[in-house]
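Lettering follows sequence order; numbering is per chain, from 1. If you're wondering where the values come from, they're calculated on a predicted model, not measured in any experiment.
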There are 2 protein chains.
Amino acid sequence: MKSDKISEAVVRRLPVYLRYLNELHKREVATVSSQELGQRLDLNPAQIRKDLAYFGDFGRKGIGYDVIYLIEKIRQILKLDQQINVVLVGAGNLGHALSNYNAFLKDNMKIVAVFDAHTAKVGTRINNLTVLPMEELSDTIQKLSIRIGIITVPDIEAQNVADMLVAAGIEAILNFAPVILKAPSHIRIHTADFTTDLQSLAYYLDNGKEEMNNDTAEAGH
Amino acid sequence: MKSDKISEAVVRRLPVYLRYLNELHKREVATVSSQELGQRLDLNPAQIRKDLAYFGDFGRKGIGYDVIYLIEKIRQILKLDQQINVVLVGAGNLGHALSNYNAFLKDNMKIVAVFDAHTAKVGTRINNLTVLPMEELSDTIQKLSIRIGIITVPDIEAQNVADMLVAAGIEAILNFAPVILKAPSHIRIHTADFTTDLQSLAYYLDNGKEEMNNDTAEAGH
DNA sequence: TAGATTGTTAATCGATTAACAATC
DNA sequence: TAGATTGTTAATCGATTAACAATC
């Protein structure tokens, strides 16, 4: 296939493929079919073939996909064949948690600087990084060629931080504040919102299950 | 409208509406139109009207939606008119971060118990909760009528924890481990995966911008 | 050669958006 | 009455899935 506009849905599946392919590679599996992938990832095999075919002819008819080759190709597509530097703004609990995820972020993404607006936080250490004051944000982003920003500040501060990141030349933002950020259209923004996730889960709870537990069905309740 | 099968996309927008409506309410705005909502939330007004109309006739022609009434209705739809108890498994950094989000989770969702498999963690305090050992998981879920589980354990343990949660009668899971969990189909699972989020952001980075910064274009680099 | 599996086209399905009569 | 805005139908758009010729 090649060309055509690639939809966001397709792009968001690529990291999922990559993760499982890495696992297969670790297990020394050499080749995988779209059917196997689909089974494991709960996706339609045709969809997987189509997704991959947007970017090139990576498979071999009758054989499947070479695991190592496909890993290499997907990493290229996702631009993970180069190191991508990431800045984290907000050194609270969530910021701490994410900076530890560097383990997961192995695939060439690295948090290289942490910032916080509160003087109490500045100078403390997160993993092997010293928390810096916001005044140094712009300079640091430029000096370290940081391209992605993660926002883990309280929601009232999020838009302000986003503006600073954009002004400093960041290209994409992963936002954990429950807020809809405004930014120029060339800035890619993804908002990860636990609140929304949890509340929509609640919708699927099964009501009409008001049976009593026998062991608590005593008088006095 | 009413009836029809409600798609997940619709359900996932409801909490977004709710959040903004709460904000309007705090600002003492009495009424809002689908157009205003759409503008603020980056959504098509027709879509918002349609979403809401799945559940009832909440608006008034020529006027718009009564903010307080619509908040009440959406909370009912999402089952947030009753307290929903949540259990958190995994008392690491991310678990800590989430338990603080209780502030955000105000709308009747509450983390009422925290568990961890590591004896070092058991007995420590997270916010106002004592971390409990896994042996007590099932009993606690039953005693406290816990309906939703949040998984913040390392990925190798995630499936195991999910199985335990399911066995204990949980109805929905919010999973933060980068793993595709298997569970019976009546269990609702949502996986929130930072790795995937970040890697798909990388795709949108603009390559072909290798212009030199003037201020660093010196010899010796 | 027979079996497996891709890449791709065509068919289907579902979600978004436009348009407008109803009505406050 | 004139203006605004809903709820809903019809039109559009886009994404998923089925089917199959090509070919390893």
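- At whole-Å resolution of the value, NZ in K50(A) and C1' in dT16(D) are 8 Å apart.
- In this structure, the CG atom of D66(B) is 14 Å from the C1' atom of dC24(C), given to the nearest Å.
- Rounded to an integer number of Å, the gap from CD of Q35(A) to P of dT6(C) is 8 Å.
- With DNA chain D read from its 5' end, the first of the two nearest nucleotides for E8(A) and A46(A) is the one closest to E8(A).
- What separates CG of N44(A) from P of dA11(C) is a distance of 18 Å, to the nearest Å.
- D193(B) and T191(B) share no donor-acceptor pair across their side chains, judged by distance under 3.5 Å alone.
- Across the protein-nucleic acid pair, Y54(A) atom OH and dT9(C) atom P stand 11 Å apart, rounded to whole Å.
- The shortest distance between the side-chain N/O atoms of S34(A) and the OP1/OP2 oxygens of dT6(C) is below 4.0 Å.
- With a cut-off of 3.5 Å on both Watson-Crick or G-U wobble distances, the partner of dA10(C) is given as dT17(D).
- In this structure, K5(A) atom NZ and dC13(D) atom P are separated by 16 Å, rounded to whole Å.
- Among the heavy atoms of the strands lying under 4.0 Å from R60(A) are primed sugar atoms or P, OP1, OP2 only; no base atom is included.
- Between Q47(A) and S33(B), the residue whose closest nucleotide on DNA chain D is further toward the 5' end is S33(B).
- For Y65(B) and dA4(D), the shortest distance from a side-chain N or O to OP1 or OP2 is not below 4.0 Å.
- Of the side-chain N and O atoms in R49(A), none sit less than 4.0 angstrom from OP1 or OP2 of dT9(C).
- In this structure, L37(A) atom CG and dT5(C) atom C1' are separated by 12 Å, rounded to whole Å.
- Figure legend. dT5(D) is base-paired to dA22(C); pairs are counted as Watson-Crick or G-U wobble with both atom distances under 3.5 Å.
- Under a 4.0 Å N-O distance rule, the pair D51(A)/R13(A) qualifies as a salt bridge.
- Annotation: cation-pi geometry not satisfied between K73(B) and F55(B) (NZ/CZ under 6.0 angstrom from ring centroid, within 45° of ring axis).
- Interatomic distance, CE of M164(B) versus CD1 of I141(B), reported as 8.5 Å (0.5 Å rounding).
- For the pair D51(B) CG and dT6(D) P, the interatomic distance rounds to 13 Å; values are reported in whole Å.
- For the residue pair H96(A)/N93(B), the side-chain donor-acceptor check at 3.5 Å is not satisfied.
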